[in-house]
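Step one of this worksheet: look at the structure below.
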Amino acid sequence: MARYGLYIDVKRCIGCYTCVVACKNWHQIDAGYDGGRIRLVDLSEGKYPDISRIILPVLCMQCENAPCIDECPIEGAIYRREDGIVVIEKGKCKGCKSQPCIPACPYGVLYYREDEDTVDKCDFCVERIDLGLEPYCVATCPTEAIIFGDLDDPDSEVSRSIAATEAKPLFTKSGAKPKAYYARLPISSEHLVKMLGRPNRP
Amino acid sequence: MVEKVVPTMCHGCHYGAYSCGVLAHLRDGVITRVEGNPYCPLNEGKLCAQGQSITQWVYNPQRLKYPLIRVGNKGEGKFRKATWDEALGLITSKIQELRDQYGPECLTFGKGQAAGWYNAHHLLHQRLLNALGSPNYHHWGPGVCYSPQGNMYVLTLGSGPWMYPKPDYENADLIIEWMTSGMNATSRRGQDSISNNLRTLPKKIIDRLEKGAKLVVINPQLIPLAANGRASKWLPIRPGTDVALALAMINVVITEKLYDGEFIAKYCYGFDKLKEHIQEYTPEWAEPITDIAAEEIRSLAREYATTKRACVRITEAPQKRDLSDLGRALPILYAITGHLDRVGGQVYVYPAVTPDFEARFADRISEEMRRMTIGQGKYPVTRAGGYPIELIESITTGRPYKIRLIYLLGSNPMSTSRNPNGVAEALEKVDFLVVHEMFMTPTCRFADVILPAASRFEYDAGPVVYENHLTTAPKVIEPLWETRNEAEVMLDLACRLGMGEDFWNGSYQDMLGEMLRVTGVGIDYEELKRNALKGIYLPKPEIMDKRERYDTILNSLPYGKIQLYNLTFQKFGGKPMPTYVGPSEGLINTPGLLKDYPLIYTDQHCDYVQHHSWTKSVPWLREIRKNSFVKINPKTAKRYDIKDGDWVQIVSPHGAKKAVAWVFPGIRPDTLMGQHGWWQGCNELGLPEYSTLEGGTNDNVLYDWTEHGRDPVIGDINKNTLVRIQKTSPPAEVAPTEEVV
């Protein structure tokens with residue numbers, strides 16, 4: 001059984017918002033919610049003209065130790081598939097008042113959808129994966145900045161890319177064991193956290 | 001439940017006919033979502049944010065749905081529903097009446113970025129006007145910026161099938177992105193024989209960077225392409241001073257003898273004169289003007305000249321009063337460094353075929369009539385269609401004569417033209433205004449007749465070509481509501497005007513057939529449609545992959561040589577070599593203004609999620625960029641007690657506008673960077689419409705549009721000024737138009 005993850009090459013991300021809109025297009029999710037399944041973090045720092053600008057996509061990392069699963073009060077409303085993808089079972093999620101899953105996530109990838117009255121997040125486009133396709137953001141990124149595949153297959157493109165660039169997940173201090181590996185980030189993860197101004201949430 | 005996938009092309013970002021390939025998914029006749037067509041060689045299955053939002057474009061409830069005829073006064077915004085027959089009948093009779101009374105020259109047609117394609121729609125619009133006998137075609141899309149600079153390129157370098165050579169990114173070791181957003185010029189523009197768009201351009205650059213190429217970005221702001229450590233250098237040039245940098249670079253290349261002597265000897269005219277002329281334009285001279293250190297200028301010029309495979313992308317959409325200088329200085333730089341039409345440099349594109357009509361009827365306009373074109377003769381170099389400024393003058397002053405009828409396709413001069421208050425006055429005074437549009441624009445409010453346009457996905461497009469790939473973009477759904485394809489409406493009008501014989505008796509299919517026949521490819525349009533998924537690859541003409549094609553490129557030039565010293569300019573009494581003029585109002589040019597107007601203002605063109613004045617009603621795009629913004633450096637913001645998200649008022653010597661502050665560290669502290677094209681509301685997100693007039697959200701009120709602010713050779717209008725800024729309240733919201741029953 002595969003163990004799916006992502007390789008995200010920051011040096012190839014141009015912050016074009018294709019992934020953000022593509023995801024809503026593919027999954028037919030309206031505009032106007034306080035969040036989305038994928039978002040761009042776009043930060044600049046420094047003293048002019050020595051400015052450094054970082055842009056990168058953030059989406060569900062399908063954590064192996066997912067805090068959202070731990071915090072969810074409803075049995076089976078969020079669960080992990082055998083292939084490692086963490087899925088919200090829309091039939092079971094009640095969009096509960098407290099929504100503890102949302103702040104539990106170190107990456108801030110969950111959000112509430114009024115139309116369904118449930119919490120929502122990226123699930124690597126499971127319907128596409130089950131048809132042997134890639135997640136849609138991966139397929140449509142104009143610069144091919146994201147690679148998807150089986151982390152347990154050393155010959156897969158995702159595994160080889162991670163190895164070649166020593167790509168790392170973001171903010172591993174959270175202990176969530178995320179499976180999205182960011183390559184060629186021009187600053188450290190800790191530095192990125194500082195730029196975000198919050199301890200552990202982009 | 002019936003599911004279907006239809007291959008077509010995006011309505012996208014550009015004026016060219018060939019766009020990114022799209023697969024439209026339908027369920028029971030409704031487009032549910034889209035994806036890129038993997039077989040389209042331009043985008044290879046990818047689709048940018050704008051393409052991804054196609055369903056929100058096509059099914060946008062803010063769209064015009066049926067013909068409207070004015071009731072009440074012009075500009076009041078009161079209309080009543082009408083049938084197509086009534087609307088077209090009225091337009092026909094008005095065209096005839098006004099033409100008979102005042103002569104055909106009183107008719108003007110204009111086109112912005114219509115729902116339709118540049119190719120068929122543009123050609124047809126011009127042909128119709130030619131058939132009516134009027135020379136007054138006004139092209140306010142690329143005619144404002146792109147074509148004027150292109151004209152300068154042609155007068156300096158000659159031309160390929162298209163006036164601009166493109167940077168050969170795939171083979172470059174040094175890539176200079178100058179005044180671009182890192183996409184195509186400052187828009188996302190798709191294929192228009194420059195063959196660059198969001199899919200191809202950044203990927204090409206990034207692939208080369210991974211192979212060791214270097215990227216230099218020259219821009220007052222740190223654009224996304226330069227982020228993530230991609231740019232080896234960011235030169236934050238002071239806005240409006242690009243000609244100074246270009247001249248200084250030429251100076252270094254010549255004085256340090258870094259030029260390609262062999263190329264110059266063989267293909268250039270006027271080197272000795274240029275050498276003498278350029279002496280004063282040293283990097284030290286350019287430093288205080290551009291705010292780029294002399295050493296940086298030297299270093300860049302040296303690197304560019306000595307890197308064999310080096311290319312420059314400078315925006316194709318500049319708006320400068322020294323455009324005729326910029327449009328010559330860059331080509332001169334390409335030429336003397338030996339980068340013209342060479343691998344890794346600036347190369348011309350030679351498509352295999354070009355679909356067209358057999359006749360455009362330009363010969364039906366006599367020389368005498370052509371001399372009467374509004375704006376003709378005002379400037380030494382003729383432009384493709386005058387600026388709206390000349391049109392405003394014609395209507396409001398009656399000089400040289402009054403334009404009486406305006407027929408617009410997707411053109412919104414109330415937003416896109418300088419002096420929108422003047423545009424309003426003109427539109428109010430013109431006898432008859434017809435606008436064929438997708439949305440109720442501020443221009444539409446002055447119309448006598450508004451026609452609802454079908455979107456790109458609601459009719460068959462014409463044949464289109466990218467290099468040697470021939471295809472078309474078939475209709476995906478029937479036109480929604482009572483919308484109609486602009487081209488079909490033009491054919492209908494032609495028939496009503498008694499000119500059916502010259503317009504395929506109104507048959508759109510026959511028209512498409514002719515465009516395809518002209519290419520010489522022996523298939524009919526239906527077969528082309530059937531092949532829309534993969535298209536047809538034609539044999540490549542031999543010339544396509546050649547380089548150094550100087551025997552064809554240069555042959556329009558005096559002596560068949562690149563004009564380092566421009567004999568055409570000399571002939572009409574212009575400056576034979578570029579000099580530095582700079583902006584109307586600037587830190588260096590007009591220091592006396594600094595007390596009241598201490599900051600530079602300019603505006604960026606399009607960006608990743610919006611295009612010109614027409615995408616702001618798309619919710620997925622609008623939620624990313626909610627407001628008419630002005631980028632302001634944190635230090636500057638602090639000085640004026642402005643926080644991110646505050647509404648601010650920006651006042652220049654010419655006008656005032658409002659915008660929302662976007663505090664951004666990557667913008668020059670002396671510069672405010674706005675964006676053009678903001679007016680439209682987005683109902684779904686509860687965002688209101690704002691005025692394009694003085695005091696609204698329109699950048700165009702701020703700039704000097706008088707002769708003082710215009711290029712004396714081609715009339716281009718500058719897009720730089722000095723302003724002051726302060727916090728303010730939001731602008732007044734514009735009430736929706738009223739439909740009278």
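Lettering follows sequence order; numbering is per chain, from 1. Hydrogens, waters and symmetry mates play no part in the numbers below; they use all other heavy atoms, side chains included.
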Honestly, the part of A:Leu56 sitting under 4.5 Å from a heavy atom of chain B is neither

When rounded to the nearest 0.5 Å, the distance separating OG1 of A:Thr18 from OH of B:Tyr608 is 9.0 Å

Test side-chain contact (heavy atoms from CB on, under 4.5 Å) on B:Trp234 and A:Ile51; report intermediate values, then the result. CA-CA 9 Å; B:Trp234 170 44; A:Ile51 302 293; 4.2 Å; yes

So, the part of B:Ile624 with a heavy atom under 4.5 Å from chain A: the answer is side chain

Counting heavy-atom pairs under 4.5 angstrom with chain B, the leader among A:Asp42, A:Val21, A:Leu185, A:Ile29 is A:Val21

Side-chain donor or acceptor of A:Arg53 paired with backbone N/O of B:Gly666 under 3.5 Å:
no

Rounding to 0.5 Å, atoms CD (B:Glu35) and CG (A:Leu133) come to a distance of 8.5 Å

(request) Please indicate whether A:Glu64 has more than 12 foreign heavy atoms, meaning atoms of other residues, nucleotides or ligands, lying under 6.0 Å from its CD. (result) yes

Margin query: Less than 4.5 Å apart, side chain to side chain, heavy atoms only: is that true for A:Arg12 and B:Asn228?
Written below: no

Scanning both residues in full, the closest heavy-atom pair of B:Arg230 with A:Val10 reads NH1-O, 3.7 Å

In this structure, CD1 of B:Ile54 is separated from CG of A:Asn25 (nearest 0.5 Å) by 8.0 Å

Any sub-3.5 Å donor-acceptor pair from B:Arg33's side-chain atoms to A:Trp26's backbone N or O? yes

- Under 3.5 Å, is there a donor-acceptor pair between the side chain of B:Lys46 and the main chain of A:Ala139? yes

CG (A:Asp34) with more than 12 external heavy atoms under 6.0 Å:
no

Answer key: most heavy-atom pairs under 4.5 Å with chain A among B:Glu684, B:Gln56, B:Arg668, B:Lys635 is B:Arg668

Here the pair of heavy atoms bringing B:Trp620 nearest to A:Asp30 is NE1-C, 3.7 Å

**Request:** Decide whether A:Tyr136 and B:Gln52 meet the rule of one side-chain donor and one side-chain acceptor closer than 3.5 Å.
**Result:** yes

Heavy-atom distance under 4.5 Å between the side chains of A:Tyr48 and B:Pro665, does that happen here? no

Residue from B:Leu685, B:Ile667, B:Asp207 scoring the most non-hydrogen pairs under 4.5 Å with chain A is B:Asp207

Report task. Look at atom CD of B:Glu3 and say whether more than 12 heavy atoms of other residues, nucleotides or ligands are closer to it than 6.0 Å. Result -> yes

In terms of heavy-atom contacts, A:Thr140 and B:Gly45 come closest through OG1-O, 4.2 Å

Regarding B:Glu210 and A:Lys11, does a basic nitrogen lie under 4.0 Å from an acidic carboxylate oxygen?
no

Under 4.5 Å to a heavy atom of chain B? For A:Asp50 that would be neither

Turns out that what part of B:Val618 lies under 4.5 Å from chain A's heavy atoms comes down to neither

Rounded to the nearest 0.5 Å, the CD atom of B:Gln50 sits from the OH atom of A:Tyr17 at a distance of 15.5 Å

Applying a strict 4.5 Å limit to non-hydrogen atoms, the region of A:Ala22 in contact with chain B is both

If one checks every heavy atom of A:Cys13 against chain B at 4.5 Å, the contacting part turns out to be both

* Asked: Does a sphere of radius 6.0 Å around CD in A:Gln28 hold more than 12 heavy atoms from other residues, nucleotides or ligands, not counting ones at 6.0 Å or beyond?
  -> yes

